[in-house]
Amino acid sequence: MSRRLKYLLYSTLGILFICSCGNSNDLTKDHLVFRYNEHKNIGSLDPAFAKDNADIWAINQLFNGLVQMDDQLNVQPCIAKDWTISEDALSYSFALRNDVKFHKHERFGTDSTRTVVAADFEYSLFRLCDNKTASPGSWVVNNIWDIKAKNDSLTIILKSPDPSFIGKLTMKYCSVVPKEIVEHYNSDFRAHPVGTGPFQFKRWEENLKLVFRRNDQYFEFDKNGNQLPYLEAVAITFLPDKQSEFLQFAQGNIDFVSGLDASYKDEVLTATGQLRENYATDVNMIRGPYLNTEYLAFFMDSDIPEMQSQLLRQAINYGFDKEKMMTYLRNGIGIPAHGGFIPKGLPGYDASIGFTFQPEKAKQLVEQFKQESGISNPEITITTTSNYLSFCEYIQRELQKIGIIVNVDVIPAATLKDAKANGKLDMFRASWVADYPDAENYLSLYSSKNFAPNGPNYTHFRSEQFDAWYQKAFTVTDIKERELLYSKMDSLVMASTPIVPLFYDEVVRFTRKSVSGLGINPINLLDLKRVKKD
């Protein structure tokens with residue numbers, strides 16, 4: 001361990017002691033308790049508000065939906081044991097299991113629980129679009145025309161075809177909730193969740209500790225007929241920074257760390273992304289593609305000549321070495337983005353449509369811009385948050401070599417989020433993580449109907465051809481044909497250069513050697529129902 005981490009360890013021990021205190025009856029068998037830290041905190045345990053990863057991870061332990069995603073992004077049965085889709089792709093009919101019960105609660109009466117029926121899904125899905133709920137997931141159900149529920153049969157009728165709809169149903173927004181419990185607690189359901197998941201809510205001391213216990217009535221079994229989950233409990237702490245979180249992990253106080261933070265990346269990994277020898281004996285590292293594209297965005301409606309110029313936008317795309325950037329700033333974790341906006345690992349990705357490092361071509365484009373515009377010293381400002389300052393400073397140094405003056409403006413994340421939505425930034429760093437595994441999720445950022453602040457088109461890119469293809473994609477049910485169309489749309493976007501793709505992220509997970517069965521997936525969902533601890 002480095003001297004810096006050793007020094008910080010002692011300042012963290014007092015916090016660790018507080019986080020480990022509490023009712024010892026909650027965590028009686030340590031080898032059956034999975035512990036992790038959530039540095040971003042958790043805002044709600046109500047699936048209607050499962051917007052952020054921190055909330056989604058916790059909610060995934062407590063709730064189930066009609067369908068679920070496996071680690072290869074294939075849609076699998078969950079509470080729905082099977083389903084059919086009509087030829088016009090407007091009607092989805094689900095047959096439900098009859099052995100799924102809600103977690104025990106006194107409001108259920110004598111049996112303290114009851115079986116999930118189709119009407120529960122009807123209530124749960126319509127609740128998302130209820131203005132009183134004000135769910136950020138209401139967009140998932142906006143295309144639903146009607147829902148017909150009868151005992152263990154559920155039919156969802158759409159207003160228009162949507163090939164990605166079955167994937168959207170895997171999102172935690174679409175989890176089933178019991179009406180009588182939700183309406184008893186109303187907005188306080190966020191802190192008194194009752195679902196059907198492998199774990200059930202036990203205790204939450206906000207900003208301190210959250211505990212789930214095993215659901216002994218859970219309906220899923222492993223391939224050998226053993227009931228899931230294997231663990232007895234999940235314990236979540238809330239130390240607010242990633243370095244303190246890693247210190248807990250290094251000392252064996254938590255079982256798992258996700259992601260690669262600048263505060264410890266060089267401590268645990270070599271420059272080529274390998275686990276350092278002093279950690280290899282106690283730690284496992286697993287990594288794989290993550291449906292997250294990191295990029296720089298240009299505001300296409302900016303009145304600044306540099307932003308309006310396709311020559312300069314192309315020069316920026318050609319002007320810095322992404323391979324070197326990933327080696328020095330990410331220890332090789334992540335894939336340099338030489339393709340389009342659709343990340344590697346998702347159907348529609350095309351490695352040939354982007355930009356490679358060509359400094360001489362970039363210089364020529366800058367010179368051409370100077371001659372045509374009369375601007376002898378082109379200047380741009382990249383707005384970012386402190387977490388990505390090192391990336392923007394690297395780009396700043398490299399672009400100055402090709403003749404572009406670059407300023408870097410660092411602002412708080414909340415301020416950046418508001419400013420980019422309202423067209424107040426000419427150029428900014430951003431990322432897009434898939435909500436569901438379909439490239440339409442990425443391409444929605446370039447539909448003219450989605451101009452921010454009313455949608456995610458933060459660049460205000462517009463193209464009649466793109467819009468026509470985007471609408472056509474909803475009517476194409478053949479997978480290969482839709483994949484080809486997605487690639488054409490992505491290629492059209494890249495030809496207009498409203499963005500500079502930086503890299504396609506990777507999921508990186510560090511676990512103790514005692515942990516098995518955690519797995520990894522491209523949407524970075526935390527699934528603990530098959531996890532074991534020795």
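All values reported here derive from a predicted model rather than from experimental measurement.
- Sparse packing is recorded around NZ of K344, with 12 or fewer heavy atoms of other residues, nucleotides or ligands lying under 6.0 Å away.
- In summary, the side chains of Q76 and D70 do present a donor paired with an acceptor at a separation below 3.5 Å, with no hydrogens or angles considered.
- Looking at D120 and R114, a side-chain N of the basic residue comes within less than 4.0 Å of a carboxylate O on the acidic one, giving a salt bridge.
- Between F474 and F165, the ring center distance fails the sub-6.0 Å criterion.
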### Query
Stepwise, does the side chain to side chain donor-acceptor pair (under 3.5 Å) test hold for N37 with T237?
CA-CA 5 Å; N37 184 69; T237 51; 3.0 Å; yes
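- With respect to D222 and R530, no salt bridge is recorded, no charged nitrogen being found less than 4.0 Å from a carboxylate O.
- The residue from T113, T115, D111 that alone fulfils the side chain to side chain donor-acceptor pair (under 3.5 Å) condition with K101 is T115.
- Here K148 does not pair with D146 in a salt bridge; the nearest charged N to carboxylate O distance is not below 4.0 Å.
- F108 and H105 have perpendicular rings, their planes meeting at more than 60° on a 0 to 90° scale where under 30° would count as parallel.
- Between the side chains of K172 and N60, at least one donor N or O lies within less than 3.5 Å of an accepting N or O.
- With hydrogens and angles left out, the side-chain atoms of Q465 and D467 include no donor and acceptor closer than 3.5 Å.
- Of the listed residues (Y504, F466, Y446), just one forms a ring-ring contact (aromatic ring centres under 6.0 Å, His included) with F341, and that residue is Y446.
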### Query
Given T385 and N387, is the side chain to side chain donor-acceptor pair (under 3.5 Å) satisfied, shown in steps?
CA-CA 5 Å; T385 59; N387 286 346; 5.0 Å; no
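- Residue N186 places its CG atom among more than 12 non-hydrogen atoms of other residues, nucleotides or ligands, all under 6.0 Å distant.
- Side chain of D52 to main chain of D55: no donor-acceptor pair is present (N/O by atom type, distance under 3.5 Å, no hydrogens or angles).
- Ionic pairing of D162 and K168 is present here: one or more N-O contacts between side-chain nitrogen and carboxylate oxygen are shorter than 4.0 angstrom.
- D350 and Y486 share no side-chain donor-acceptor pair at under 3.5 Å.
- Qualifying ring pair (Phe, Tyr, Trp, His ring centres under 6.0 Å) partners for Y436, counting only residues two or more places apart in sequence or in other chains: W139.
- Between H338 and F503, the distance separating the two ring centers is not shorter than 6.0 angstrom.
- Within a 6.0 Å radius of NZ in K159, other residues, nucleotides and ligands contribute more than 12 heavy atoms.
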### Message
For a side-chain contact (heavy atoms from CB on, under 4.5 Å) check, start with the C-alpha distance between N521 and Y290, then their side-chain angles and the critical distance, and finish with the verdict.
### Response
CA-CA 7 Å; N521 55 79; Y290 182 24; over 6 Å; no
### Query
Given the rule in the side chain to side chain donor-acceptor pair (under 3.5 Å) test, do S444 and N450 qualify, once you have shown the distances and angles that lead to the verdict?
CA-CA 7 Å; S444 66; N450 289 334; 4.7 Å; no
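- Between Y173 and F49, the distance separating the two ring centers is not shorter than 6.0 angstrom.
- At a threshold of 4.0 Å, the pair R330-D505 counts as salt-bridged, since one of the basic side-chain nitrogens sits closer than that to a carboxylate oxygen.
- By the 4.0 Å N-to-carboxylate-O rule, R127 lies close enough to D46 to be salt-bridged with it.
- Legend: residues meeting salt bridge (Lys or Arg N to Asp or Glu O under 4.0 Å) with D301, ordered by chain and number and at least two apart, are R462.
- Under the 3.5 Å distance criterion, with hydrogens and angles disregarded, a donor-acceptor pair is assigned to the side chains of E220 and Q68.
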### Query
Can you list the steps and then say if D216 with R214 is a salt bridge (charged side-chain N to carboxylate O under 4.0 Å, His left out)?
CA-CA 6 Å; D216 292 331; R214 183 179 191 272; 2.8 Å; yes
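- Under the 3.5 Å distance criterion, with hydrogens and angles disregarded, a donor-acceptor pair is assigned to the side chains of N422 and D418.
- Without hydrogens or angle criteria, W432 side chain to L291 main chain gives no donor-acceptor distance under 3.5 Å.
- Salt bridge present: R287 and E506 bring a charged side-chain N and a carboxylate O closer than 4.0 Å.
- Closest heavy-atom contact between Y470 and E440: OH-OE2, 2.7 Å.
- The closest donor-acceptor contact from the side chain of N143 to the backbone of L158 lies at 3.5 Å or more, if one exists at all.
- For K132 and D130, the salt-bridge test fails: no basic side-chain N is under 4.0 Å from an acidic carboxylate O.
- Side-chain contact annotation: T497 with R313, donor-acceptor N/O pair under 3.5 Å present.
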